[in-house]
S.K.: 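This is the structure I have questions about; it appears just below.
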Amino acid sequence: MPELPEVEVTRRALAPFVEGERVQAVVVRERRLRWPVPARLAAQLKGQRIERLERRGKYLLWRFAHGTLISHLGMSGSWRVHPGAAPPAGAHDHVDIVIAGRKPSVLRLTDPRRFGALLWHPARSGDARRHPLLSHLGPEPFDPRFDAEHVFRHTRQRRAAIKQVLLAGDLVVGVGNIYASESLFRAGIDPRLAAHRLTRARCERLAAAVRAVLTEAIEVGGSTLRDFVGADGAEGCFMLEAFVYDRAGQPCRICRTPIRRIVQGSRATYFCLRCQTRAGRS
DNA sequence: AAACTTACCTGGTGGC
DNA sequence: TGCCACCAGGTAAGTT
């Protein structure tokens with residue numbers, strides 16, 4: 001599932017193929033994503049130059065002089081680079097962006113469940129970061145503003161479990177279900193703990209854990225970067241070995257206690273009863 | 001008004 | 001072999 005690391009790895013893989021290059025054509029085979037792909041998208045992008053490829057949370061921002069193409073991968077989406085020409089499109093290959101110039105390539109959006117999005121934000125509407133989907137997002141995990149003090153302040157009124165607060169996206173962006181469990185394991189915090197009960201010290205541990213887990217995931221993904229470029233590379237399986245996620249019943253990699261699976265807000269949480277506590281240190 | 005909860009979108013799959 | 005309930009995750013909308 002694409003969370004922040006997967007999106008960042010995607011950004012790094014695509015950037016060399018798109019930054020500074022012009023769009024020759026956009027082929028939309030299926031516009032029914034989470035929201036309809038704008039009908040005029042192809043006309044709007046044709047011949048235009050992509051200045052930069054940026055990321056905000058789990059969104060990719062394709063910066064043009066006249067606006068920004070906003071893409072989100074949802075649960076099952078992926079972008080793949082096909083240098084030169086692309087193979088015939090499969091059932092779930094919804095959009096191609098054809099790049100002309102010295103490095104011709106086709107960027108193909110595949111999304112079986114179609115929970116992803118592809119939206120156009122014209123420059124005249126202001127900066128894309130003020131788009132309704134982006135405006136309320138919390139800080140980036142690698143932003144210096146995301147620190148212990150920030151976590152402490154933004155959890156004082158939150159009585160919900162820290163796992164769910166972490167997932168909500170306003171404390172910090174980019175942490176989905178997988179990395180929420182992994183980060184809490186790394187920080188030694190019981191996912192059921194009410195957020196406002198976090199001590200300052202544990203806020204520090206949590207912020208550091210989120211940064212570390214995401215950093216490592218990006219690094220691991222970095223080694224599989226060429227899978228994005230290859231025509232038939234397997235979809236990235238970026239987290240080489242999760243400590244807790246999807247490991248119910250299997251022994252904790254630290255203490256051998258069987259990993260527990262619980263449901264919070266109708267989604268699965270995995271944790272170690274021994275390594276992760278409601279209070280105290282560890 | 002902010003915090004919290006729930007439903008929704010779709011396709012793959014595991015169990016019978 | 002075929003069917004079907006269920007699960008996945010991020011977001012919007014609804015509720016307290």
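Reminder, nothing fancy here: chain letters follow the sequence lines and each chain counts from 1. Heavy atoms only: backbone and side chains are in, while hydrogens, waters and symmetry mates are out.
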S.K.: Contact class for A/R114 vs. all strands (heavy atom < 4.0 Å): base, sugar-phosphate, or nothing?
M.R.: sugar-phosphate

S.K.: Distance under 4.0 Å to a non-hydrogen atom of chain A counts as contact; along DNA chain B, which nucleotides mark the start and end?
M.R.: B/dA3 to B/dG12

S.K.: Go through A/L69 and A/L45 one step at a time and tell me if the side-chain contact (heavy atoms from CB on, under 4.5 Å) criterion holds.
M.R.: CA-CA 9 Å; A/L69 180 66; A/L45 298 189; 4.1 Å; yes

S.K.: Using only heavy-atom distances, determine whether the side chains of A/R202 and A/T277 contain a donor-acceptor pair under 3.5 Å.
M.R.: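 Yes, a side-chain donor-acceptor pair sits under 3.5 Å.
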
S.K.: Counting N and O atoms only, with roles assigned by atom type, does the side chain of A/H66 sit under 3.5 Å from a partner on the main chain of A/Q44, one being a donor and the other an acceptor?
M.R.: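 Between the backbone of A/Q44 and the side chain of A/H66 there is a qualifying donor-acceptor contact (under 3.5 Å).
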
S.K.: Could you check whether A/R261 gets within reach of a base, just the sugar-phosphate, or nothing at all, counting any heavy atom under 4.0 Å?
M.R.: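 Answer is sugar-phosphate: A/R261 comes under 4.0 Å of backbone atoms only.
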
S.K.: Give the angle between the helix axes at the two ends of the helix from B/dA2-C/dT16 to B/dC16-C/dG2, taking five base pairs at each end and rounding to 10°.
M.R.: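 Rounded value for the end-axis angle: 40°.
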
S.K.: Tell me what A/A168 touches on the nucleic acid: a base, only sugar-phosphate, or nothing, going by heavy atoms under 4.0 Å.
M.R.: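 Answer is nothing: A/A168 stays at 4.0 Å or more from every strand.
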
S.K.: In terms of side-chain geometry, is the basic nitrogen of A/E8 or A/R12 positioned less than 4.0 Å from the acidic oxygen of its partner?
M.R.: yes

S.K.: Between A/G265 and A/H92, just flag the one whose closest nucleotide in DNA chain B comes earlier from the 5' side.
M.R.: A/G265

S.K.: Taking the basic N atoms (NZ, or NE/NH1/NH2) and the acidic carboxylate oxygens, is any pair closer than 4.0 Å for A/D147 and A/R211?
M.R.: no

S.K.: Quick one: label A/G74 by what it contacts on the DNA or RNA (base, sugar-phosphate, nothing), any heavy atom closer than 4.0 Å.
M.R.: nothing

S.K.: Measure from NZ or CZ of A/R156 to the centre of the six-membered ring of A/F152 and say whether it is under 6.0 Å with the direction within 45° of the ring axis.
M.R.: yes

S.K.: Hey, where on DNA chain C does chain A first and last touch, going 5' to 3'? Cut-off is any atom under 4.0 Å from a heavy atom.
M.R.: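 For DNA chain C, the relevant span reads C/dA8 to C/dA12.
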
S.K.: If we ignore hydrogens and angles and just use 3.5 Å, is the side chain of A/E30 paired with the main-chain N or O of A/R32 as donor and acceptor?
M.R.: yes

S.K.: Among residues two or more places apart or on two chains, list those pairs meeting salt bridge (charged side-chain N to carboxylate O under 4.0 Å, His left out) that have a residue in residues 125-134 of chain A.
M.R.: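 For residues 125-134 of chain A, and leaving out neighbouring residues, the salt bridge (charged side-chain N to carboxylate O under 4.0 Å, His left out) pairs sorted by first residue read A/E54-A/R129, A/R63-A/D127.
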
S.K.: Kindly check if the number of other-residue, nucleotide or ligand heavy atoms within 6.0 Å of CZ (A/R197) is above 12?
M.R.: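 For A/R197, atom CZ is not crowded (no more than 12 foreign heavy atoms under 6.0 Å).
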
S.K.: Output all residues satisfying salt bridge (charged side-chain N to carboxylate O under 4.0 Å, His left out) with A/R49, sequence neighbours left out; order by chain, then residue number.
M.R.: none

S.K.: Select from A/R34 and A/V165 the residue whose nearest nucleotide in DNA chain B is closer to the 5' end of that strand.
M.R.: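 On the 5' side of the pair lies A/V165.
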
S.K.: Find which nucleotide of DNA chain C each of A/F115 and A/W35 is nearest to by heavy atoms, and output the residue with the more 5' nucleotide.
M.R.: A/F115

S.K.: Filter on salt bridge (charged side-chain N to carboxylate O under 4.0 Å, His left out), then keep only pairs touching residues 85-105 of chain A, sequence neighbours left out; what's left?
M.R.: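 As it turns out, the salt bridge (charged side-chain N to carboxylate O under 4.0 Å, His left out) pairs with a partner in residues 85-105 of chain A, which skip direct neighbours, are A/R29-A/D96, A/D93-A/R108, A/D96-A/R108.
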
